[in-house]
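In what follows, a single structure is set out as structure tokens and then discussed.
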Amino acid sequence: MPRKKDEAIRDALTRKAVVLEHRCARRKKPKRRKTKTFTAKQRRELRLFEIEPEQQRYELFLPLHELWKQYIRDLCYGLKPDAQPQMVQSKLLKADLHGAVVTVTKSKCPSYVGITGIILQEFKHVFKIITKDNKLKVVPKINNVFRLETDGFISYIYGSKFQLRASERSAKKFKLKGTIDL
């Protein structure tokens with residue numbers, strides 16, 4: 001303590017707490033560095049999500065379709081004939097569609113009608129579908145109606161109301177609305 005009169009020292013001791021030890025400065029924790037991820041531009045340049053032409057064969061993706069069918073059966077508790085259609089429909093809306101066989105039933109563009117194939121990639125606005133004649137088709141979701149069949153249960157998906165990524169769609173609450181004209 002600095003030099004003070006005894007009365008001043010007693011007065012200071014009765015009113016204030018005295019620190020007897022000097023505290024060391026806290027050590028700063030080293031910040032964790034985020035792992036560097038590619039930007040969208042870099043992903044496009046590296047062509048990470050493009051399917052090579054020699055890999056664009058329908059037969060290669062049939063096992064993916066079988067896995068998808070098993071996934072839907074597990075998700076909808078077996079798709080039994082006595083299952084409620086609304087329950088199955090709500091499960092299908094939130095399900096991942098990679099591997100599903102879909103058919104374009106209605107479209108504003110007549111060239112899309114009738115395209116049938118396995119969904120390989122799903123983006124926010126388009127499906128990439130491989131057809132039986134080994135062609136990769138990019139079909140937009142907007143202004144298209146897709147037919148999805150699983151174990152005799154047929155479901156129609158309105159692409160205009162389905163413009164979400166698969167990860168965003170699983171958390172979304174869908175509202176019941178009437179049919180939509182194209």
Side-chain angles (χ1 to χ4, degrees), residues 37 40 43-44 47-182:
T37 56
R43 277 187 245 135
R44 279 192 300 270
R47 304 175 73 187
L48 288 180
F49 295 112
E50 288 188 22
I51 300 166
E52 300 295 325
E54 61 269 7
Q55 298 294 321
Q56 295 177 7
R57 293 199 326 260
Y58 187 79
E59 302 83 40
L60 286 177
F61 297 101
L62 285 174
L64 176 66
H65 175 60
E66 293 301 319
L67 282 172
W68 182 82
K69 285 197 307 190
Q70 187 60 43
Y71 159 67
I72 292 299
R73 285 186 197 117
D74 293 345
L75 188 69
C76 298
Y77 311 112
L79 285 172
K80 296 174 182 147
D82 59 336
Q84 296 174 346
Q86 289 179 336
M87 185 274 299
V88 175
Q89 184 76 25
S90 67
K91 296 274 187 186
L92 280 175
L93 281 175
K94 294 186 176 206
D96 186 11
L97 296 179
H98 293 93
V101 173
V102 294
T103 304
V104 180
T105 56
K106 292 181 184 177
S107 177
K108 275 193 173 176
C109 179
S111 63
Y112 290 129
V113 176
I115 293 177
T116 301
I118 298 174
I119 294 177
L120 297 186
Q121 292 176 317
E122 178 184 356
F123 299 100
K124 187 172 185 177
H125 299 290
V126 296
F127 286 128
K128 281 192 178 178
I129 298 173
I130 186 95
T131 60
K132 285 189 178 180
D133 52 338
N134 299 328
K135 291 190 179 175
L136 188 68
K137 303 275 186 172
V138 178
V139 181
K141 292 180 183 179
I142 194 164
N143 298 326
N144 286 327
V145 178
F146 300 93
R147 179 175 161 244
L148 189 80
E149 185 175 350
T150 50
D151 293 342
F153 184 83
I154 297 171
S155 178
Y156 291 95
I157 296 171
Y158 289 87
S160 300
K161 298 292 179 184
F162 215 63
Q163 288 198 328
L164 297 165
R165 293 179 181 91
S167 58
E168 294 169 357
R169 194 176 63 239
S170 65
K172 182 174 173 52
K173 289 186 179 179
F174 289 94
K175 296 177 183 170
L176 293 174
K177 293 184 180 175
T179 59
I180 304 146
D181 289 330
L182 294 178

Discussion item. Contact between V101 and H65 at the side-chain level, heavy atoms closer than 4.5 Å - yes or no?
Written reply: yes
Fill in: Verdict with reasoning, K132 to T116, per side chain to side chain contact (heavy atoms under 4.5 Å, CB included)
CA-CA 8 Å; K132 285 189 178 180; T116 301; 5.8 Å; no
Fill in: Qualifying residues under side-chain hydrogen bond (donor to acceptor under 3.5 Å, both in side chains), relative to Q56, sequence neighbours excluded
none
Worksheet item: Looking only at heavy atoms, which two atoms of I115 and S111 are closest? And how far apart?
Response: CD1-O, 4.1 Å
Practice prompt. Would you check if N144 and K108 make a side-chain contact, meaning some heavy-atom pair closer than 4.5 Å?
Written response: no
Fill in: Non-hydrogen side-chain atoms of V145 and I157 separated by less than 4.5 Å
no
Fill in: From CA spacing to verdict: side chain to side chain contact (heavy atoms under 4.5 Å, CB included), W68, I72
CA-CA 6 Å; W68 182 82; I72 292 299; 3.4 Å; yes
Fill in: Minimum side-chain heavy-atom gap V139-V126 below 4.5 Å
no
Worksheet item: CD1/I130 to CZ/F61 distance, rounded to the nearest 0.5 angstrom?
Response: 6.0 Å
Item to complete: Could you tell me the separation between the CD atom of Q121 and the CZ atom of F123, rounded to the nearest 0.5 Å?
Response: 4.0 Å
Practice prompt. State, yes or no, whether a side-chain contact exists between F127 and L120 at a heavy-atom distance under 4.5 Å.
Written response: no
Discussion item. With heavy-atom distances below 4.5 Å as the criterion, would you say the side chains of L92 and L148 are in contact?
Written reply: yes
Fill in: Side chain to side chain, L93 and F162, heavy atoms closer than 4.5 Å
yes
Fill in: D151: salt bridge (charged side-chain N to carboxylate O under 4.0 Å, His left out) partners, not counting sequence neighbours
R73
Fill in: With sequence neighbours excluded, residues passing side chain to side chain contact (heavy atoms under 4.5 Å, CB included) with D74
Q70
Practice prompt. Taking side chain to side chain contact (heavy atoms under 4.5 Å, CB included) as the test, write out the residues that go with E54, two or more places apart.
Written response: E52
Discussion item. Suppose we screen for side chain to side chain contact (heavy atoms under 4.5 Å, CB included). Which residues come up paired with R147, at least two apart in sequence or across chains?
Written reply: T103, T105, E149, I154, Y156
Worksheet entry | Which residues share a side chain to side chain contact (heavy atoms under 4.5 Å, CB included) with E66, sequence neighbours left out | K69
Item to complete: Measure the CZ-CG distance between F146 and L97 for me, rounded to the nearest 0.5 Å.
Response: 10.0 Å
Worksheet item: Does some side-chain heavy atom of C76 sit less than 4.5 Å from a side-chain heavy atom of K91?
Response: yes
Practice prompt. Applying side chain to side chain contact (heavy atoms under 4.5 Å, CB included), run through I142 and Q163 and close with a yes or a no.
Written response: CA-CA 7 Å; I142 194 164; Q163 288 198 328; 3.2 Å; yes
Practice prompt. Only counting residues at least two apart or in another chain, list the ones meeting side-chain hydrogen bond (donor to acceptor under 3.5 Å, both in side chains) with H98.
Written response: D96
Practice prompt. With sequence neighbours excluded, tell me which residues meet salt bridge (charged side-chain N to carboxylate O under 4.0 Å, His left out) with K137.
Written response: none
Worksheet, complete the sentence: Applied to residues 119-129, the salt bridge (charged side-chain N to carboxylate O under 4.0 Å, His left out) test, sequence neighbours excluded, yields E122-K141, E122-R169
Worksheet entry | Heavy-atom pair with the smallest gap, counting every atom of A95 and Y71 | CA-OH, 3.6 Å
Practice prompt. Enter the distance from N143:CG to C109:SG here, rounded to the nearest 0.5 Å.
Written response: 10.0 Å
